[in-house]
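One structure is given below, encoded as structure tokens.
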Amino acid sequence: MSRILRPFLPYPLLSVGLAVTWLLLNAPLSPGSAVLALLVGLTVPAVMRALRPPAVRVRAPSTLARLLVVVLYDMVRSNIDVGRIILGLRRGTRRTGFVAIPLDLREPFGLAVLSIILTATPGTLWVRYDSGTGRLLLHVLDYTDGDEWVRRVKDRYERPLMQIFARGDSA
Amino acid sequence: MSGADLPAWAAWLVVALAIAGAGVSLTGALGLVRLRTFYERVHAPTLGATLGMALILTSSMVLLSLLEGRLVLRDALIGVFLTITTPVTLLLLARAAAQRDRHEGNPGAPPEI
């Protein structure tokens, strides 16, 4: 983002998101709705200045795309798993339990996305996160092996998120 | 195109997606009754908020796109906002339950981390 554009576009991602939302709500595309979308994208993010959110930088778009596919796959698979547990289709005994996961991810946006991912995959529940120690407490519906859950969260979700929300040079 | 002109294959597809989504959501609702502890029960409604929601919205988008003769993606916004806001409710519920269980010293209370 160049210095000249910064006063007009303090949060470029938010501007794009708002404009696209406006266009989707007012489809089909017409010159009038395009102008209004541009206006919404340019003016509404100014309100966000009052809240002073920290700047977010999204890197590694290919990692982001891969993470999206992984999450969609896990979402469908865990939906089926939890559905089977509820309907009593699973044999054998099932244990539930809490798993503590030591996280290296500290970026607030990364943690927010991680909480969305863990909520979007039924069977994992975000109970609490301690920002002092960086430990996350999860409740899992199908508790097989605690270490397996730690590896799963760290390898599948945390590592890509750390690449995507890597700290910039200025931070 | 009106609803009566919809070809049979499209009608089947829309109905199949909607019923599959409703079935997933119903399973989630059933989980609220069948599962035993609070922490187990909180998992159940997420079925309706994830796969159930996705299937029903896809069904709606396919139907509207065919009826209006263009790609209608408006309903995808429902999915985006539902996905972003659901964790807030679940986090609040889980934290409140954990706080109370620890305070009252209940047997199923989550461990300190």
Side-chain angles (χ1 to χ4, degrees), chain A residues 17 20-29 71-72 74-89 94-102 111-130 132-143, chain B residues 23-24 26-55 64 68-77 79-91 93-95 97-99 101-102 108-113:
Chain A
V20 170
T21 305
W22 186 271
L23 286 178
L24 281 177
L25 285 173
N26 293 288
L29 186 66
V71 169
L72 280 176
D74 286 355
M75 191 264 277
V76 174
R77 205 185 53 179
S78 59
N79 260 283
I80 294 167
D81 287 348
V82 173
R84 283 166 67 93
I85 289 173
I86 291 171
L87 296 174
L89 296 175
R94 176 180 59 85
R95 290 195 307 144
T96 64
F98 294 95
V99 183
I101 297 172
L111 289 166
V113 175
L114 185 64
S115 78
I116 291 175
I117 292 173
L118 290 174
T119 308
T121 51
T124 50
L125 172 69
W126 178 296
V127 179
R128 73 162 298 181
Y129 169 73
D130 188 327
T133 59
R135 286 173 82 80
L136 165 70
L137 190 68
L138 274 188
H139 181 267
V140 291
L141 197 56
D142 191 1
Y143 183 91
Chain B
V24 172
L26 179 67
T27 310
L30 202 66
L32 275 177
V33 183
R34 285 188 61 121
L35 297 173
R36 291 180 303 274
T37 69
F38 172 81
Y39 300 101
E40 281 183 278
R41 280 197 294 271
V42 180
H43 292 283
T46 48
L47 263 73
T50 54
L51 189 61
M53 174 265 291
L55 286 169
L64 288 175
E68 296 188 23
R70 63 187 175 82
L71 193 61
V72 179
L73 293 174
R74 206 168 36 212
D75 301 37
L77 288 173
V80 171
F81 287 117
L82 209 59
T83 308
I84 294 176
T85 51
T86 314
V88 180
T89 328
L90 290 183
L91 248 96
L93 277 173
R95 287 199 70 147
Q99 179 74 24
D101 279 347
R102 283 199 192 121
E112 288 289 341
I113 52 170

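Side-chain atoms of A:Pro28 and B:Arg70, non-hydrogen and from C-beta on, do get closer than 4.5 Å to each other.
Between the CG atom in B:Leu91 and the OG1 atom in A:Thr119 there is a gap of 6.5 Å [rounded to 0.5 Å]. The CG atom of A:Leu23 sits 13.0 Å away from the CZ atom of B:Arg74 when rounded to the nearest 0.5 Å. Interatomic distance, B:Leu90 CG to A:Leu118 CG, rounded to the nearest 0.5 Å: 11.5 Å. Here the CZ-CG distance, from B:Arg41 to A:Leu125, works out to 13.0 Å after rounding to the nearest 0.5 Å. Atom CZ of B:Arg95 is separated from atom OH of A:Tyr129 by 12.0 Å, given to the nearest 0.5 angstrom. With rounding to the nearest 0.5 Å, the separation of CG in A:Leu25 from CG in B:Leu73 is 11.5 Å.
Considering only heavy-atom pairs separated by less than 4.5 Å from chain B, the leading option among A:Val113, A:Ile85, A:Thr21, A:Thr121 is A:Thr21. Top candidate by heavy-atom pairs under 4.5 Å with chain B, chosen from A:Leu141, A:Val127, A:Ile116, is A:Leu141. Ranked by heavy-atom pairs under 4.5 Å with chain B, the list A:Ala112, A:Pro122, A:Ser78, A:Ser115 is led by A:Pro122. By number of non-hydrogen pairs under 4.5 angstrom with chain A, the leading residue of B:Thr46, B:Leu51, B:Val42 is B:Leu51.
The part of A:Val140 that comes within reach of chain B is its backbone (N, CA, C, O), which places non-hydrogen atoms under 4.5 angstrom from that chain. At a 4.5 Å heavy-atom cutoff, B:Ala49 makes no contact with chain A through either its backbone or its side chain. Only the side chain of B:Leu77 comes within less than 4.5 Å of a heavy atom in chain A; its backbone stays farther off.
Taking the six-membered ring for Trp and thresholds of 30 and 60 degrees, A:Phe98 and B:Tyr39 have ring planes more than 60 degrees apart, a perpendicular arrangement.
The backbone N or O of A:Ile86 sits less than 3.5 Å from a side-chain atom of B:Arg34, completing a donor-acceptor pair.
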Item to check | Worked check of side chain to side chain contact (heavy atoms under 4.5 Å, CB included) between A:Arg94 and B:Glu40 | outcome: CA-CA 12 Å; A:Arg94 176 180 59 85; B:Glu40 281 183 278; 3.0 Å; yes

